[in-house]
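Chain letters run A, B, ... following the sequence lines, proteins first, then strands; residues in each count from 1. Atoms considered below: every heavy atom in the structure, side chains included; atoms not considered: hydrogens, waters and symmetry mates. Small disclaimer: the values here were computed from a predicted structure and weren't measured.
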Amino acid sequence: MNAAEPLTVLKENVEIFLPDNALEEKLGLAQKENRKLIIKLGFDPTAPDLHLGHAVVLKKLRQFQNLGHTIVIIIGDFTARIGDPTGKNKSRPPLSAEQVQINAQTYVNQLSKILDVNRCEIRYNSEWLGSMDMTETIKLLSQVTLAQIMQRTDFNNRFSTGLPISLHELVYPLLQGQDSVMIHADIEMGGTDQLFNCSMGRQLQEGQDLPGQAVLCMPLLKGIDGSAKMSKSEGNIVGLTDAPHEMFGKIMSIPDALLPDYLHLVTDFTPEGKQGLLQQLNQGENPMAIKKQVGFNVVQQYHSAEDAQQAQEFFQNQFQNKKFEEKEFTSVSLAALGIDQPENLRLLDLCKELKIEESRSNLKRLIEAGSVTINGTKVTDSQSPVEVGKEPVKVRIGKRAFFELVP
RNA sequence: GGGGAGAUUCCAGAGUGGCCAAAUGGGACGGACUGUAACUCCGUUAGCGUAAGCUUUCGAAGGUUCGAAUCCUUCUCUCCCCA
């Protein structure tokens with residue numbers, strides 16, 4: 001492989017290089033010193049659900065890993081234990097040590113879908129942050145000015161709109177930066193929203209007479225609802241552990257405008273392949289067709305080609321094909337629902353059994369709004385009786401819930 | 001440390017003694033249309049009840065009142081101004 005080739009691969013999709021020639025510089029350094037680079041990625045072990053947004057960064061790390069570089073995953077257990085109230089005035093309850101442990105393990109399991117975790121180094125930042133005394137802490141703090149901290153967009157916005165900022169939040173970027181100092185990171189990766197924090201690491205390293213890390217930021221993947229950022233709290237994620245047909249369905253539901261982003265960032269088509277699909281799109285191909293290919297590709301990455309095939313067929317049959325008879329219903333037995341008197345079963349009660357998590361009031365509304373069908377027929381009276389004793393009964397609630405009741 | 005403003009349902013934001021489960025907008029959900037896209041239109045948006053109705057909710061706890069999101073007291077939190 002010639003020297004230029006990895007560089008092209010590594011640069012693909014990266015949105016920000018700090019400094020501009022960061023990557024070339026670090027790769028050159030590695031070659032000159034005949035060593036592998038140390039590449040850092042930090043995680044906050046709060047909500048342990050990785051999604052396609054994380055995958056954008058992880059895939060890039062995988063490329064580095066394939067070239068033999070060392071990936072260091074920092075689990076931010078120290079910061080998580082303090083509790084990060086970012087953005088809200090309800091401060092998040094600090095996580096217990098056990099919970100952090102569990103979350104971290106979940107993370108590592110999910111990371112293994114993309115990275116070779118056996119070749120990753122995993123460090124907990126409590127290892128060094130937990131033992132810093134006041135003298136060291138003050139020394140760390142003295143390296144940064146308030147004006148620098150306030151440049152961070154998030155702080156700036158909150159400050160100017162009069163939202164609260166706790167002092168410990170101001171310190172967060174420094175703690176994260178300290179991680180870079182401790183592990184001698186050559187490169188820190190993150191989403192573009194991490195630019196500030198990552199560059200803080202660079203500054204702190206230089207303050208300690210260490211070579212400053214390069215910062216590579218990947219674009220933020222937009223959520224499936226088209227909002228600015230895919231995040232768990234927005235409920236707009238495609239989880240790496242989502243079931244195949246769920247993953248496929250979620251991809252199909254993204255707004256058309258997002259398709260090029262998804263094509264570039266979450267698929268593993270070759271650059272030529274991506275270009276080709278993009279061209280088809282521009283030439284007026286139905287975006288749905290392209291979306292299917294993206295969906296297929298994604299499911300294939302996290303599950304298998306067979307799963308992807310099945311997911312696509314399921315989707316087509318379930319949602320595109322209008323024929324009621326051909327749809328798939330999840331089979332549920334009366335016994336499993338705990339229905340022992342099938343004679344006087346009302347529709348509302350049945351729906352409640354099928355969708356335990358919904359309130360009866362809400363289900364009643366859904367029925368009245370015409371979103372429930374029995375054997376393909378709309379039923380809008382929540383009190384109407386349902387005969388479930390003899391024949392199987394097919395119930396659909398809303399767009400996605402399909403059940404078949406068997407006696 | 002002193003003074004002022006504020007905390008409302010998922011969010012923003014009305015409401016200043018009964019007509020308030022609380023306007024309006026956003027979001028979300030559902031329906032029609034469709035490609036589980038977008039656009040548009042319509043509906044719903046605390047819980048329980050077949051229903052009448054009942055229960056919980058307006059930062060927290062007490063109090064006044066036949067009746068409180070609204071008045072009083074204390075507390076918690078936030079923002080602003082002055083020192």
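- Atom P of rU24(B) sits at a distance of 15 Å from the matching atom of rA14(B), rounded to the whole Å.
- A 3.5 Å limit on both hydrogen-bonding distances identifies no Watson-Crick or G-U partner for rA52(B).
- Between Phe319(A) and Phe248(A), the ring centre distance reaches or exceeds 6.0 Å.
- Atoms CD1 (Ile367(A)) and P (rG31(B)) sit 13 Å apart, rounded to a whole Å.
- A salt bridge links Lys11(A) with Glu24(A); the closest basic N to acidic carboxylate O contact falls under 4.0 Å.
- Looking only at atom types and distance, the side chain of Gln205(A) has no donor-acceptor partner in the side chain of Ser180(A) under 3.5 Å away.
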Letter per nucleotide, 5' to 3', of nucleotides 36-52 of chain B [B base touched, S only sugar-phosphate touched, - untouched; heavy atoms, 4.0 Å]: BB------SS-SBBSS-

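- Here, rA22(B) and rU57(B) have their C1' atoms 10 Å apart, quoted to the whole Å.
- Going from the P atom of rA68(B) to that of rG13(B) covers 28 Å, rounded to whole Å.
- The distance between atom CD of Gln316(A) and atom C1' of rG35(B), rounded to the nearest whole Å, is 11 Å.
- The nucleotide rG27(B) finds its pairing partner in rU45(B), both defining distances of the Watson-Crick or G-U wobble pair being shorter than 3.5 Å.
- Mapping Pro287(A) and Ser371(A) onto RNA chain B by nearest heavy atom places Ser371(A) closer to the 5' end of the strand.
- On the C1' atoms, rA5(B) is 22 Å away from rC11(B), given to the nearest whole Å.
- In this structure rU76(B) sits in a base pair with rA7(B), meeting the Watson-Crick or G-U test at under 3.5 Å.
- Between Phe314(A) and His245(A), the ring planes lie tilted relative to each other; the angle falls in the 30° to 60° range.
- Side chains of Glu313(A) and Gln309(A): a donor-acceptor N/O pair is present below 3.5 angstrom, by distance only.
- Searching all strands for a Watson-Crick or G-U wobble partner of rU57(B) with both distances below 3.5 Å returns nothing.
- Just one of Leu141(A), Leu140(A), Thr137(A), Ile149(A) meets the side-chain contact (heavy atoms from CB on, under 4.5 Å) condition when paired with Val171(A); it is Leu141(A).
- Taking the C1' atoms as reference points, rC33(B) lies 10 Å from rC39(B), given to the whole Å.
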